[in-house]
There are 2 protein chains.
Amino acid sequence: MSNTSVLPLIEAEGSEAVAPCCPPLTERPFTAEEAETAARMFKALGDPVRLRLFSAVASHAAGEACVCDISDVGVSQPTVSHHLKKLKEAGLLASERRGTWVYYRVEPSVLAAMGKLLTMAPATA
Amino acid sequence: MSNTSVLPLIEAEGSEAVAPCCPPLTERPFTAEEAETAARMFKALGDPVRLRLFSAVASHAAGEACVCDISDVGVSQPTVSHHLKKLKEAGLLASERRGTWVYYRVEPSVLAAMGKLLTMAPATA
DNA sequence: CAGCTGCTTCGATGAACGTCAACATAGACA
DNA sequence: TGTCTATGTTGACGTTCATCGAAGCAGCTG
């Protein structure tokens, strides 16, 4: 909240070593802190427009897309920008300006962390 | 409001055949309809209290828990009931009254569907 | 430099949400 | 039957959120 306000869903993003904030949902009850962190992530994807934007970026070639490519989701462009900012604040997207256009890119480790969150605990059947 | 208003996140729940509403997020851009459906699910988990409740149920023995076991999340009991109703409406939980107590149970197929949603597309590296 | 395009920020508005207190309902037990 | 406990429901209140139009900033192009 103080600096870049990027949420610490994962701790390191250098390689493929994913350090999720929380164990799988089925492993043990979440603590208040874990729930707070993970809920921010789910909330970021809890809007249809944001989900479409995120999916558009994630499915784009090279894992990145310029705003002009994905802004056809039925809302005004300021709204698109607003949602992209929300996704960025949630740590799900990263943006980079390249000349005229701004490109958004998915953080793959975050996607992996979310996937693990929803994985069944391996022990129980 | 009308009936049970359970969302059709998955179509069949008979066996382990999961029929998710949507492809993986990375496969192709979501349509408006897909995004609407999936966003409801994410939104349901986008609240810390609901996430704790869901995790408490999911991690409980036999995959089910009575309200009295999980209502210690720092909010009043009507609020707990309210959130459990939301989770039920989202299709993530199912409830059953057994004598005095009401037991909530996780829909395993829904969890699997969500996990698949966040899976990387298998083809791309 | 001037004009144009792409994107973000600002301010406002209406809707949705989380929370609680109070009431209602269902079952257990005396 | 009456009462007590466990849950669900209703209504209200304050907050957050999504959305838009207008304005501002950044970079290209003439």
Side-chain angles (χ1 to χ4, degrees), chain A residues 1 4-7 32 35-36 38-54 56-57 60 64-90 92-105, chain B residues 1-7 32 35-36 38-54 56-57 60 64-90 92-105:
Chain A
M1 310 106 181
T4 16
S5 76
V6 169
L7 297 178
E36 194 94 26
R40 261 185 288 232
M41 193 183 48
F42 283 117
K43 193 187 291 183
L45 292 178
D47 182 271
V49 173
R50 280 200 290 271
L51 206 49
R52 288 187 73 183
L53 289 172
F54 186 79
V57 173
H60 214 261
E64 68 174 18
C66 118
V67 179
C68 54
D69 286 331
I70 60 177
S71 52
D72 189 22
V73 289
V75 294
S76 71
Q77 217 229 349
T79 303
V80 169
S81 188
H82 166 73
H83 284 306
L84 287 172
K85 186 181 175 186
K86 281 284 185 76
L87 287 168
K88 200 165 119 185
E89 283 175 2
L92 271 61
L93 291 181
S95 71
E96 180 193 358
R97 172 156 226 141
R98 216 136 68 213
T100 305
W101 291 280
V102 176
Y103 289 83
Y104 278 82
R105 180 168 27 85
Chain B
M1 305 18 178
S2 44
N3 262 336
T4 16
S5 73
V6 170
L7 297 175
E36 196 93 28
R40 261 186 286 234
M41 193 183 48
F42 283 116
K43 193 186 291 183
L45 293 178
D47 182 89
V49 172
R50 279 199 292 269
L51 205 48
R52 289 187 72 184
L53 290 172
F54 185 79
V57 173
H60 213 263
E64 68 175 17
C66 114
V67 179
C68 54
D69 285 332
I70 59 177
S71 52
D72 188 20
V73 289
V75 295
S76 70
Q77 216 228 354
T79 304
V80 169
S81 187
H82 166 73
H83 284 305
L84 287 172
K85 185 182 176 185
K86 281 283 187 74
L87 287 168
K88 199 165 122 185
E89 282 174 3
L92 271 60
L93 292 181
S95 70
E96 180 194 357
R97 172 156 226 141
R98 215 136 67 214
T100 305
W101 290 279
V102 176
Y103 290 82
Y104 279 83
R105 180 167 27 85

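Note that these values count all heavy atoms, side chains included, but never hydrogens, waters or copies made by symmetry. Chain A is the first sequence line, chain B the second, and so forth, proteins listed ahead of strands; every chain is numbered from 1.
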Practice task
Using five base pairs at each end, measure the axis-to-axis angle across the helix from dC1(C)-dG30(D) to dA30(C)-dT1(D) and round it to 10 degrees.
Solution key: 20°
Handout entry: Qualifying side chain to side chain donor-acceptor pair (under 3.5 Å) pairs, either residue in residues 64-76 of chain A, two or more places apart
Key = Glu64(A)-Arg98(A), Ser76(A)-Thr79(A)
Practice task
Provide the start and end nucleotides, 5' to 3', of the part of DNA chain D that has atoms under 4.0 Å from heavy atoms of chain A.
Solution key: dA18(D) to dC28(D)
Exercise for the section: Output all residues satisfying side-chain contact (heavy atoms from CB on, under 4.5 Å) with Ala35(A), sequence neighbours left out; order by chain, then residue number. Expected result: Phe30(A), Pro48(B), Leu51(B), Arg52(B)
Fill in the blank from the handout: Contacts of Lys86(B) meeting side-chain contact (heavy atoms from CB on, under 4.5 Å) (sequence neighbours excluded), chain-then-number -> Arg50(B), His82(B), Glu89(B)
From [atom1] ([X]) to [atom2] ([Y]), nearest 0.5 Å:
{"X": "Cys66(B)", "Y": "Glu96(B)", "atom1": "SG", "atom2": "CD", "value": "12.5 Å"}
{"X": "Leu84(A)", "Y": "Tyr104(A)", "atom1": "CG", "atom2": "OH", "value": "4.5 Å"}
{"X": "Asp47(B)", "Y": "Arg40(A)", "atom1": "CG", "atom2": "CZ", "value": "12.5 Å"}

Problem - Distance, rounded to the nearest Å, where Arg52(B) contributes CZ and dT19(C) contributes C1' - result: 16 Å
Fill in the blank from the handout: With Leu53(B) as partner, the option from Val73(B), Leu92(B), Val75(B) fulfilling side-chain contact (heavy atoms from CB on, under 4.5 Å) is Val73(B)
Exercise for the section: Would you name the heavy atoms of Ala44(B) and Leu87(B) that are closest together and state the gap between them? Expected result: O-CD2, 3.8 Å
Problem - Contact state string [nucleotides 4-18 of chain C, B base, S sugar-phosphate only, - no protein heavy atom under 4.0 Å] - result: --SBBB-------SS
